[in-house]
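Only one structure is covered here, and it is reproduced in the block below.
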Amino acid sequence: MYDRAVQALVKMALEPQWEAVFEPNSYGFRPGRSCHDAIGAIFNAIRYKPKWVLDADIAKCFDRIDHNSLLNKLETFPAIRRQIRAWLKAGVMDSKQLFPTNEGTPQGGVISPLLANIALHGMEESIKDLMERLPGKSGRRDRRQAVSLIRYADDFVIIHEDQDVIQKCRDHIQEWLKGIGLELKEAKTHLTHTLEGKTPGFDFLGFNIRQHKVGKYKTGMNTKGELLGFKTLTKPSKKAIQTHYHKLKEIVDSHIAAPQEALIRHLNPVIRGWSNYYSTVVSKEAFSRMDSLLFRKLLQWG
């Protein structure tokens, strides 16, 4: 308890300093910023033009952050720096045996998410700087604005209309991450297009974001009032729907012999929380399907 209280105090000292300089499209574990804000930023980046997307995940981010790189980034008082260094080097107890921690942040620590955000700070600006150096007819400012890097904790997407540029950004980020002891998780890193291809769109934070070709009566418009020929829709992802249903199924199966009141008491918070999370996107079809599946499941035990 004492250690957690000290971590909370150190976090209170560091957070205002870093909130003032954190990059605009960093959303994970920050006050006043949510998953929905990250999804909104992605929507704004692709709403007027189909684009290529690098959907990436950092492998074991909290476990592999290089201590020296993180400490060099802190730029804080020596006393706080020494305390954070002590936490990073404290080690881990497992079966009454102490194992050293030569990399990574304290598991479950109050300050761990902030330290991870500090370690990853600079990704977006690094990509913007890369865009300035790439050849092109447009000016530097336009090239910087043409690319978007949106990050939520260790998950991020890079968005640009040119596939070759996305590939260059991927190579650049891989090199950048090596500087803090990290690397991309290849199994969860995908290159996709928002509109074209066999499987357009991508999943991010439990949402599926995709553009659909539509006729002139359903299409969106750009800022000049011109028809786009497509519509950008954000829906619950298939994986999120399956996970939610399995959770509801487990609750129902574990309350076969319980009173109806107890079953309702356990189901309601789960249903309400999931519905609130997806209530801001195109969820009518998903909600109807979940309602039908849950009704059939309850009917089996009725």
Side-chain angles (χ1 to χ4, degrees), residues 1-15 17-19 21-23 25-35 37-38 54-76 80-95 97-127 149-158 170 173-190 203-206 239-240 243:
M1 289 296 293
Y2 171 76
D3 192 53
R4 289 181 65 86
V6 175
Q7 285 195 26
L9 289 173
V10 173
K11 180 183 177 183
M12 289 175 62
L14 283 177
E15 197 169 60
Q17 169 196 349
W18 281 95
E19 279 299 317
V21 298
F22 273 147
E23 293 162 322
N25 283 320
S26 165
Y27 292 94
F29 305 111
R30 292 183 59 190
R33 287 172 170 253
S34 66
C35 298
D37 293 324
L54 177 68
D55 178 17
D57 183 24
I58 300 173
K60 298 183 178 179
C61 177
F62 289 87
D63 297 332
R64 293 183 177 177
I65 292 174
D66 182 74
H67 289 173
N68 291 329
S69 299
L70 173 57
L71 291 169
N72 290 336
K73 270 190 174 184
L74 282 178
E75 298 179 358
T76 187
I80 295 180
R81 179 187 169 92
R82 286 195 297 270
Q83 181 61 68
I84 292 176
R85 182 180 181 85
W87 283 327
L88 294 175
K89 301 293 185 182
V92 177
M93 288 290 293
D94 186 17
S95 301
Q97 186 176 355
L98 180 64
F99 294 91
T101 49
N102 299 317
E103 57 186 7
T105 57
Q107 294 299 304
V110 175
I111 201 172
S112 292
L114 176 59
L115 294 179
N117 273 333
I118 292 172
L120 295 173
H121 175 67
M123 287 180 64
E124 185 178 355
E125 187 61 28
S126 177
I127 287 295
L149 188 150
I150 297 154
R151 180 175 65 83
Y152 190 94
D154 57 347
D155 294 332
F156 66 92
V157 293
I158 300 177
R170 174 175 180 158
I173 283 295
Q174 284 180 322
E175 289 299 316
W176 189 90
L177 288 172
K178 288 179 182 178
I180 53 175
L182 299 175
E183 62 182 2
L184 293 177
K185 189 171 185 178
E186 294 297 331
K188 291 188 176 182
T189 299
H190 310 284
D203 293 345
F204 192 68
L205 301 178
K239 183 177 179 181
T243 301

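Not measured: the values here are computed from a predicted model.
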Can you sort out the partners of [X] under side-chain contact (heavy atoms from CB on, under 4.5 Å), two or more places apart, ordered by chain and number?
X      : answer
Arg30  : Glu19, Phe22, Ser26, Arg33, Asn117
Arg170 : Leu54, Gln167, Gln174, Leu184, Glu186, Thr189
Glu125 : Glu23, Asp129, Arg144
Ala59  : Arg64, Glu183, Lys185

Check: Hey, does Thr243 have a side-chain heavy atom less than 4.5 Å from the side chain of Lys239?
Finding: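 A side-chain contact under 4.5 Å exists here.
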Heavy-atom closest pair, residues [X] and [Y]:
X      : Y      : answer
Ala38  : Leu205 : CB-CD1, 4.0 Å
Tyr152 : Ser34  : CE1-C, 4.0 Å
Arg151 : Met123 : CD-SD, 3.9 Å
Leu120 : Cys61  : CD1-SG, 4.0 Å
Ala240 : Gly206 : CB-O, 3.7 Å

Between [atom1] of [X] and [atom2] of [Y], what distance do you get to the nearest 0.5 Å?
X      : Y      : atom1 : atom2 : result
Asp55  : His190 : CG    : NE2   : 6.5 Å
Trp87  : Leu115 : CH2   : CG    : 8.5 Å
Arg82  : Ile84  : CZ    : CD1   : 12.0 Å
Thr105 : Leu114 : OG1   : CG    : 10.5 Å
Tyr27  : Phe156 : OH    : CZ    : 15.5 Å
Ile80  : Leu14  : CD1   : CG    : 5.5 Å

With sequence neighbours excluded, tell me which residues meet side chain to side chain donor-acceptor pair (under 3.5 Å) with [X].
X      : value
Trp18  : none
Asp155 : none
Asn102 : none
Glu124 : Asn25

Item checked: Partner residues of Lys60 under the salt bridge (Lys or Arg N to Asp or Glu O under 4.0 Å) criterion, sequence neighbours left out ->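 None.
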Item checked: Qualifying residue, where the test is side-chain contact (heavy atoms from CB on, under 4.5 Å) with Ile173 and the options are Leu149, Leu182, Ile58 ->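 Exactly one candidate clears the test, Leu149.
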Distance-only donor-acceptor hits, side chain of residues 65-73, under 3.5 Å, sequence neighbours excluded:
unit_1 : atom_1 : unit_2 : atom_2 : d
Asp66  : OD2    : Asn68  : N      : 3.4
Asp66  : OD2    : Ser69  : N      : 2.9
Asp66  : OD2    : Ser69  : OG     : 2.9
His67  : ND1    : Lys89  : NZ     : 3.1
His67  : NE2    : Gly104 : N      : 3.3
His67  : NE2    : Gly104 : O      : 2.7
Ser69  : OG     : Gly179 : O      : 2.9
Asn72  : ND2    : Asn68  : O      : 3.0
Lys73  : NZ     : Ile118 : O      : 3.4
Lys73  : NZ     : Ala119 : O      : 2.7
Lys73  : NZ     : His121 : O      : 2.6

Note to self: Please verify the inter-ring angle class for Phe62 with Phe29; under 30° counts as parallel, over 60° as perpendicular, anything in between as tilted.
What the structure shows: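 It falls in the perpendicular class, over 60°.
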